[in-house]
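For this chain, numbers begin at 1 and follow the sequence in order. Bear in mind that the values here come from a model prediction, so they are computed numbers and not experimental data.
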Amino acid sequence: MPSKSKRVLIECSGNKRAYFEEKVFGEHWENGAMSEGVWKGVPLKTLLELTGIKTGVAEVLFSGRDSGIKNRQYIPYERSLPIAKALHPEVMIAYEYNGKPLSHKQGFPFRLIVPRWYGMASVKWLNEIILVKDNSPCFLKLVSFPLPSVLLLFFSSLLLELPLFSFLVWYGQ
């Protein structure tokens, strides 16, 4: 199966959440909830094309083995991508990070990597991939970011893609 490597910056959407005036659900990170490295894996597009994509598929739902509890309710970790994004050649199912097999903290054995989207889209401990015809009912979309589906589709790039907070400039040799 073909593999590829790509240097990717992953930033948690909760980075700097500790500074919010109104406290919200989730980890209250201060600064530094981000990392950069070289991920290696199989392009998701390759896997999806091997299984066959039926007409009408709108999203791809990814389930990880982690979960949480909110209001005494068990919440499995799920995240979806629009089919067009899932088929982007940079999106991959990774099994290596910086030349080594993924560690448990990095999402062993497999992790979805979605460059230029917040870290919550790069699902760790990948357990299941499901193609869905309609918008998926995953918790992160319906409860954490509740918007009417028309608005969610219209503003998806504004809400989900990683904005540029800063950039690095190398001085010297």
Side-chain angles (χ1 to χ4, degrees), residues 1 3-4 6 8-15 17 24-27 29 33-35 39-71 73-95 97 102 104-164:
M1 183 140 322
S3 65
K4 63 186 283 176
K6 177 149 183 74
V8 177
L9 169 74
I10 296 179
E11 179 181 11
C12 177
S13 63
N15 194 28
R17 189 181 286 149
V24 295
F25 176 74
E27 187 68 40
W29 293 102
M34 58 176 54
S35 69
W39 298 89
K40 182 177 181 180
V42 177
L44 178 61
K45 180 178 180 174
T46 301
L47 295 173
L48 294 178
E49 287 174 346
L50 281 172
T51 61
I53 303 169
K54 294 184 179 175
T55 304
V57 170
E59 292 187 345
V60 183
L61 178 66
F62 303 89
S63 297
R65 291 189 179 267
D66 54 337
S67 61
I69 295 177
K70 183 175 182 182
N71 300 328
Q73 181 181 358
Y74 169 80
I75 308 291
Y77 192 88
E78 297 177 326
R79 188 71 182 92
S80 64
L81 294 176
I83 188 67
K85 184 65 179 180
L87 294 173
H88 191 281
E90 291 185 342
V91 176
M92 73 172 85
I93 305 298
Y95 52 83
Y97 181 67
L102 295 180
H104 177 73
K105 286 184 178 183
Q106 295 159 342
F108 176 85
F110 301 108
R111 180 175 183 169
L112 175 68
I113 299 297
V114 185
R116 292 186 295 282
W117 279 40
Y118 280 114
M120 65 185 184
S122 292
V123 177
K124 293 181 177 181
W125 309 292
L126 198 55
N127 187 46
E128 190 172 33
I129 300 172
I130 301 171
L131 302 175
V132 291
K133 286 192 174 199
D134 300 313
N135 289 329
S136 67
C138 69
F139 172 82
L140 285 172
K141 250 176 35 182
L142 297 181
V143 178
S144 293
F145 302 97
L147 287 173
S149 58
V150 172
L151 286 178
L152 185 62
L153 291 173
F154 182 73
F155 290 113
S156 66
S157 64
L158 297 175
L159 293 171
L160 303 173
E161 291 188 26
L162 187 64
L164 181 65

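- By the side-chain hydrogen bond (donor to acceptor under 3.5 Å, both in side chains) test, K124 pairs with no residue at all, sequence neighbours left out.
- Annotation for L126 and L112: closest pair CD2-N, 4.3 Å, computed over non-hydrogen atoms.
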Does R111 form a side-chain contact (heavy atoms from CB on, under 4.5 Å) with W39? I'd like the steps, not just the answer. CA-CA 10 Å; R111 180 175 183 169; W39 298 89; 3.7 Å; yes
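- Qualifying side-chain hydrogen bond (donor to acceptor under 3.5 Å, both in side chains) partners for N127, counting only residues two or more places apart in sequence or in other chains: R65.
- Here the CD atom belonging to E78 is positioned 11.0 Å from the OG atom belonging to S67, to the nearest 0.5 angstrom.
- Remark: E49 engages K45 in a side chain to side chain contact (heavy atoms under 4.5 Å, CB included) (not counting sequence neighbours).
- Considering only heavy atoms from C-beta on, K85 comes within 4.5 Å of V114 through its side chain.
- Taken to the nearest 0.5 Å, the CE atom of M92 stands 11.5 Å off from the CG atom of L47.
- Taking the side-chain hydrogen bond (donor to acceptor under 3.5 Å, both in side chains) definition, one finds that E128 meets it with nothing, sequence neighbours left out.
- Atoms OG and CD, on S35 and Q106 in that order, are 8.0 Å from each other to the nearest 0.5 Å.
- With hydrogens and angles ignored, the 3.5 Å screen pairs no side-chain donor or acceptor of R79 with any backbone N or O of S122.
- Interatomic distance, CD1 of I129 versus OG1 of T51, reported as 8.5 Å (0.5 Å rounding).
- Judged by distance alone, with hydrogens and angles left aside, the side-chain atoms of K6 form no donor-acceptor pair with the main-chain N or O of P115 at under 3.5 Å.
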Does the side-chain contact (heavy atoms from CB on, under 4.5 Å) test come out yes or no for V8 and E90, once each step is laid out? CA-CA 10 Å; V8 177; E90 291 185 342; over 6 Å; no
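- Every residue two or more places apart in sequence or in another chain that forms a side chain to side chain contact (heavy atoms under 4.5 Å, CB included) with A86 is listed here: L44, L48, V60, L81.
- Annotation: the span from M1 atom CE to T46 atom OG1 amounts to 7.5 Å, rounded to 0.5 Å.
- Between P89 and P43, the shortest heavy-atom contact is O-CB, 4.3 Å.
- With hydrogens and angles ignored, the 3.5 Å screen pairs a side-chain donor or acceptor of W125 with a backbone N or O of H104.
- Looking at residues two or more places apart in sequence or on another chain, you find a side chain to side chain contact (heavy atoms under 4.5 Å, CB included) between Y95 and S3, K40, V42, F110.
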